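One structure is given here, and the rest of the page talks about it.
These figures come from a predicted structure and were not determined experimentally.
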Amino acid sequence: MRTAYKCRAYPTSEQVSVLNRTFGCVRVVWNRTLAARHARYHAEGKSTSYAETDRALTEMKRLPELTFLNEVSSVPLQQTLRHQHTAMTAFFAKRARYPPYKSRHGRQCASYTRSAFRMRDGQLSLGKTPGTLRVVWSWPDVDVTALDPSTVTVSRDPDGRWYVTFAVAVDAPDGPEPAGQVVGVDVGLTDFAVLSQPVPGLTDDEGRIAHPKHMEGRERRLKRYQRMMARKRQGSANRAKARQKVARAHSRVRDARRDFLHRTSTALVRRFDAIAVEDLAVANMVRNRSLAKAISRTGWAEFRTLLAYKAHRDGRHLAVVDRWYPSSKTCSACGHLLATLSLGTRHWTCPSCGTRHDRDVNAAKNLVVAAGLAETRNACGADVRHEGQPSVQSAMNQEPSRMTGGIPRL
């Protein structure tokens with residue numbers, strides 16, 4: 001299997017100069033090639049192949065105003081053409097959005113293949129870059145001297161931190177022992193997630209994982225940094241320093257959130273053999289102006305991605321339930337389906353069996369059943385995508401044609 005190791009890098013001043021020049025050349029090649037693709041498609045209705053962009057790069061290097069492209073390694077320039085070709089293929093296949101132009105103020109990166117770097121005894125050397133790049137290895141159980149990466153990517157975040165990512169092929173690790181347990185995970189805004197069963201050390205007695213709310217504690221300082229940056233003159237050195245302070249404030253929030261998501265997803269994958277989650281359309285949900293800010297801070301999409309790759313790596317099973325399945329308004333005890341259930345109703349009593357439900361806990365229990373991980377009378381197990389396995393055939397409709405009942409008056 002293929003994996004990647006990302007660690008901090010500390011280049012010297014000479015290396016910083018060369019790498020920054022490389023980043024600038026990568027941006028020029030990417031933006032000019034993307035503009036040429038765009039113009040040709042709208043003028044002639046034809047797409048551009050990778051071979052055509054490669055020939056255009058050769059012509060680009062011959063232009064008098066672009067002779068600086070020859071001062072850096074040619075491999076990162078060719079790699080950015082490959083990345084753009086992959087991005088355009090994904091766009092036309094409707095798997096991704098149209099690739100944007102690169103900006104000097106965003107994250108900068110350059111990829112090197114085996115012909116442009118050397119890795120000996122844990123020391124990394126890049127093509128046309130003086131000396132060896134200092135890298136801090138963060139995996140004590142992995143021997144860096146035996147590492148044989150196929151690609152090395154050097155990146156610089158807007159906050160000024162440098163990273164190196166090693167893409168390597170490794171043997172599939174031995175997964176954890178079967179636990180014999182399954183769980184449903186219902187994410188939310190009040191609580192980050194509610195599980196169908198409590199987990200000691202991870203949830204409270206009701207199975208709730210508290211929302212860390214990383215941004216709330218740092219939002220006041222972030223607003224102050226943004227006001228300071230707004231008062232600086234465009235293009236000045238002071239504005240660049242203020243922009244870096246804003247980026248560092250965002251990085252602290254992002255790192256704290258990512259650490260929380262990694263810890264939570266790892267704990268779930270190690271403890272349960274199968275995990276059921278709901279297929280949320282986060283991109284559509286953030287269109288709600290009242291909830292967009294809160295939803296964007298939770299990291300639901302990243303949490304789903306972490307669960308997917310960790311479950312695949314450890315031999316676990318991740319089932320994704322259809323987003324239209326009525327998990328909140330279906331009784332997990334008898335299967336009765338409410339006609340309506342407002343978002344403000346957090347608890348309700350089943351009019352059929354009299355069971356008192358917490359909205360989120362009930363939804364988590366129903367996700368387990370809808371995913372086919374448990375048997376009961378309240379779901380058919382259809383409309384579920386099983387990550388890494390053939391999908392289950394969809395049912396006509398999860399909801400009955402005629403709904404009866406309602407929310408009892410308390």
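- Looking only at atom types and distance, the side chain of Thr53 has no donor-acceptor partner in the side chain of Thr33 under 3.5 Å away.
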>> Does Lys365 form a salt bridge (charged side-chain N to carboxylate O under 4.0 Å, His left out) with Asp358? I'd like the steps, not just the answer.
In response: CA-CA 11 Å; Lys365 294 179 179 179; Asp358 179 277; over 6 Å; no

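- Checked against a 6.0 Å centroid threshold, the rings of Phe23 and Trp30 do not count as neighbours.
- Side chain to side chain, Arg2 and Ser150 meet the donor-acceptor criterion of an N or O pair below 3.5 Å.
- Remark: Glu59 pairs with Arg62 by the side chain to side chain donor-acceptor pair (under 3.5 Å) rule, at least two apart or across chains.
- Among Leu268, Leu195, Val182, the one residue that satisfies the side-chain contact (heavy atoms from CB on, under 4.5 Å) test with Ile275 is Leu268.
- Ring orientation note: the planes of Tyr5 and Trp137 are tilted relative to one another, at an angle of 30° to 60°.
- In this model, no donor atom of one side chain and acceptor atom of the other lie less than 3.5 Å apart for Asp121 and Thr145.
- Residue Arg118 qualifies as open at atom CZ: its count of foreign heavy atoms under 6.0 Å is 12 or below.
- Listed for the Gln15 side chain is a donor-acceptor partner under 3.5 Å among the backbone atoms of Pro130.
- A donor and an acceptor atom, one from each side chain of Tyr225 and Arg227, are nowhere located under 3.5 Å apart.
- By the neighbour-count criterion of 12 heavy atoms within 6.0 Å, atom CZ of Phe91 is densely surrounded, having more than that number from other residues, nucleotides or ligands.
- The shortest side-chain heavy-atom distance between Tyr98 and Met88 falls under the 4.5 Å cut-off.
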>> Please evaluate residues Arg254 and Asp157 with respect to the criterion salt bridge (charged side-chain N to carboxylate O under 4.0 Å, His left out), reporting the C-alpha separation (whole Å), side-chain torsions for both, the decisive distance (0.1 Å), and the verdict.
In response: CA-CA 12 Å; Arg254 183 179 65 250; Asp157 281 356; 3.7 Å; yes

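- With 3.5 Å as the limit, one finds no donor-acceptor pair spanning the side chains of Gln123 and Arg120.
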>> Between Asp159 and Lys245, does the salt bridge (charged side-chain N to carboxylate O under 4.0 Å, His left out) criterion hold? Intermediate values first, please.
In response: CA-CA 7 Å; Asp159 60 358; Lys245 286 187 177 181; over 6 Å; no

> salt bridge (charged side-chain N to carboxylate O under 4.0 Å, His left out) between Arg37 and Glu52: does it pass, once the steps are laid out?
Replying inline: CA-CA 10 Å; Arg37 284 178 180 271; Glu52 291 174 327; over 6 Å; no

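- Donor-acceptor pairing under 3.5 Å is recorded for the side chains of Ser265 and Lys310.
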